[in-house]
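Atoms within a ligand are numbered from 1 in the order they appear, just like the ligands themselves. For reference, positions follow the sequence shown, starting with 1.
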Amino acid sequence: MLQPPHSSLQVAAVPAQRVPVRDRDQDAPWHTEAVCRRDEAGLFFAPSKEPTAARLSREEAAKRVCARCPVMVECREHALLQPEPYGVWGGLTAAERRVVLARRRRREMELKKTARTQGRIAAAG
Ligand code: SF4
């Protein structure tokens with residue numbers, strides 16, 4: 001049976017009713033190459049009431065694991081598309097993923113605005 005990435009990391013920051021997607025769709029191809037399958041528990045998800053310095057150190061350690069992972073891009077996109085609210089995925093923390101998503105939304109809005117403007121110009125011309 002396949003073990004999902006971070007399989008031993010069902011820890012406090014992930015509410016019991018919200019099972020991480022990486023544990024649900026473990027048959028997805030990218031999971032089979034996930035480096036984090038072999039990493040120690042607690043690296044990718046925060047324990048409850050984790051001090052800031054410990055969190056930053058843990059997240060940097062998780063990112064170092066992600067940096068050598070062959071499926072980092074797939075994992076990151078998965079976490080952005082879900083979106084996954086907790087943990088380090090694809091080398092990004094939850095806060096960093098929120099920034100990426102905000103940038104994407106802003107870019108999409110700008111593209112739509114440009115398309116509308118070009119449509120009006122074409123209709124007038
Ligand atoms: S990129 Fe990081 S979180 Fe994603 S599968 Fe690889 S090691 Fe795990």
Side-chain angles (χ1 to χ4, degrees):
M1 180 177 161
L2 289 175
Q3 289 297 311
H6 315 155
S7 62
S8 58
L9 304 177
Q10 309 300 310
V11 292
V14 181
Q17 69 275 14
R18 184 176 169 85
V19 177
V21 172
R22 76 181 90 202
D23 290 346
R24 291 199 307 264
D25 60 355
Q26 58 186 286
D27 292 331
W30 65 270
H31 287 153
T32 61
E33 298 179 56
V35 169
C36 56
R37 288 167 171 266
R38 296 181 292 275
D39 278 290
E40 69 269 22
L43 198 53
F44 291 84
F45 291 101
S48 62
K49 299 179 182 172
E50 183 179 38
T52 300
R55 175 179 57 79
L56 294 173
S57 174
R58 179 186 51 75
E59 287 174 346
E60 286 307 312
K63 288 179 179 185
R64 284 194 295 275
V65 174
C66 293
R68 60 184 169 84
C69 181
V71 291
M72 188 174 79
V73 172
E74 293 88 339
C75 176
R76 180 178 293 183
E77 276 309 302
H78 163 87
L80 289 167
L81 290 174
Q82 286 305 308
E84 294 289 352
Y86 306 107
V88 173
W89 294 71
L92 296 178
T93 64
E96 291 166 338
R97 290 194 301 276
R98 285 193 293 275
V99 170
V100 171
L101 288 171
R103 281 190 193 136
R104 284 185 180 181
R105 279 193 295 272
R106 216 171 22 250
R107 195 165 48 239
E108 283 173 20
M109 287 173 54
E110 287 168 1
L111 287 172
K112 285 179 184 172
K113 185 177 173 185
T114 300
R116 279 196 304 271
T117 302
Q118 289 174 342
R120 279 196 294 271
I121 291 171

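Residue Val88 has at least one heavy-atom neighbour below 4.0 Å for each of these atoms of ligand 1: 3 (S). For ligand 1, the atoms lying closer than 4.0 Å to a non-hydrogen atom of Cys69 are 1 (S), 5 (S), 6 (Fe), 7 (S). Taking every heavy atom of Gly90 and a limit of under 4.0 angstrom, the matching atoms of ligand 1 come to 1 (S), 3 (S), 4 (Fe).
For the atom pair CG (Leu43) and CZ (Arg64), the distance works out to 8.5 Å, reported to the nearest 0.5 Å.
Looking only at side-chain heavy atoms (C-beta outward), Glu84 and His78 come within less than 4.5 Å of each other. A 4.5 Å side-chain heavy-atom check between His31 and Val71 finds every atom pair outside the cut-off. The shortest distance between side-chain heavy atoms of Pro29 and Glu74 does not fall below 4.5 Å. In this structure, the side chains of Glu96 and Val99 stay at 4.5 Å or more apart for every pair of heavy atoms.
For residue Cys66, an N/O/S atom approaches atom 2 (Fe) of ligand 1 to within less than 2.8 Å. For Cys75, every N, O or S atom stays at 2.8 Å or more from atom 6 (Fe) of ligand 1.
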